[in-house]
Amino acid sequence: MSLKPKIINVGIADIKVGKDTEVLRTTLGSCIGIVLYDAERKIGAISHIMLAKDPTGKDCIKFPHKYGETALPELINMMKDAGSNLGQYTCRMFGGASMFKGINSQFLQNIGEQNIAIVRRFMEEKNVPIIVEDVAGNEGRTISLYCDDGRVLLKKAGMEKYLYKVR
Amino acid sequence: MLKSKVDEVLKDINKLPAISSVVTKVLEKLQKPDVNIAELAQEISKDPAITASVIKLSNSAYYRASKPIRTVGEALMTLGTKTVKEIVLLTAAKGILSQDLSSYQLEAAQLWTSSLLVAELSSKIVQHKKLKIDKDLAFTSGLLCNVGKIVLSQFFAPVMMQLKADLKENKDPFPLLEKKYFGYTHMEVSQTLLQKWNFPPELVDVVTNYLDPESSSVNPLLTSVVHIATILIVVSGIGIDIGGESVPISPFALSQTGITESDIETYFVHIPDLQAGLADLLNI
């Protein structure tokens, strides 16, 4: 008997952890989806961050999952609570789109790039290898992490493909 | 070119998304300054689904009525005609927009969620910038901009391979590809639909020009507000579809509204809070 996988939607500025047959799904524009996956324990997580840093320094207290600087440590903690420690998982990163031309907002132009940079820096500090990156461009992306084997279904610009690399 | 097939569908009312006649009549009645509340209540009550929705939403946390509401008449008296109009349109829009558009790469209620967020953000922008536009009008104007995609989505299959190749090569705004393959942009289809539904010219103008507010002839300020709200919701990923972030923000819209770089940042950062506040409306 095959069980229908449970799909957990990861909203904007949200973190969700899943395991075994669960599927985590999120849709990204300029935001970044950070996928952590522990292949031994079949535990995965997605963090959907909006901005690298909180420009006000206050909003991140109420909404820590919005910003890379507060969401990423929280992501590591949530993996730990689920039973997976640093060194036991890898990272994959998606999103960070930006508009190509006629941009009249420096802010909108830079969001994607800054989001990508903070994830790279954080993962390097924590020695978590980033094994797959599908970032930048101007495409929207929907990613689904299948926690049973760690594959990611990536949908963008009318195409879809499975990415099987988990180590 | 699939234009002749799209034309066939656009000519056949049975193949187009339908809207309750009550919605059109309510919009018509509210165009007149001397609207009769009792007549309006009677009109709304002809549609049981809309009536139920008006009463349910009038009592929701989102609208915060000062006392419990049991009838459409009480809703009109307590919340006012503009708010009830908003609820009526909202209910009708939900019926049309609650579907997956997999060819546009929009699934799991994304179309409805993003439409609602564009509406809400448009309303917030009007209030924040103190623009001379009714906030309820801004809300309803933002709601139906994507309705044309429902019609075009059924024509993707035969051209999907070419379309994908074009998307890789071409970085032009996606509506240009819609025009190339289907003979119409989704804005042109939305325009046809709203005209068929006898919607007010102001709303027709917004759905026609929301990605090019400079072309707006009826209310360029309102169209500019909806344009900026749309771009921000797309960038957040909630409303992003196969076209990606291919439509840049319009300098005309920025100058019309007086929206600054700092405003854009503030609106963007608060999108999740906006979404949380819409829980009652998302689940109607």
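Lettering follows sequence order; numbering is per chain, from 1.
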Exercise. Taking B:V269, B:L167, B:L232, B:I271 one by one, which has the highest count of heavy-atom pairs under 4.5 Å against chain A?
Worked result: B:V269
Heavy-atom pairs under 4.5 Å with chain B are the metric here; pick the option from [options] that has the most.
options	answer
A:T26, A:D14, A:I12	A:I12
A:A97, A:G158, A:G95, A:G112	A:G158
A:K156, A:E139, A:E160	A:K156

[X] versus chain B, heavy atoms under 4.5 Å apart: side chain, backbone, both or neither?
X	value
A:D54	neither
A:L51	side chain
A:K66	side chain
A:I7	neither

Problem set entry | Ring centre gap for B:H227 and B:F252 strictly below 6.0 Å | no
Exercise. Can we call the ring centroids of B:F182 and B:F156 under 6.0 Å apart?
Worked result: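 Yes, close enough.
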For this session: Compare every heavy atom of B:S190 with every heavy atom of B:G148, then report the nearest pair and how far apart it is.
Result: N-OG, 2.9 Å
For this session: State whether A:Y67 and A:K53 meet the cation-pi test: NZ (Lys) or CZ (Arg) under 6.0 Å from the six-membered ring centroid, and within 45° of the perpendicular axis.
Result: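 Geometry flag: not set, cation outside 6.0 Å or 45°.
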Problem set entry | Pair B:S215-B:N209, side-chain donor/acceptor within less than 3.5 Å |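 No.
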Exercise. Are A:Q109 and A:S98 close enough that a side-chain donor and a side-chain acceptor fall under 3.5 Å?
Worked result: no
For this session: Could you walk me through whether B:H270 and A:F63 pass the ring pair (Phe, Tyr, Trp, His ring centres under 6.0 Å) test, one step at a time?
Result: CA-CA 10 Å; B:H270 287 104; A:F63 300 104; 7.8 Å; no
Problem set entry | chain A contact via B:L163 - side chain, backbone, both or neither, heavy atoms under 4.5 Å |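 For B:L163, no heavy atom lies under 4.5 Å from chain A.
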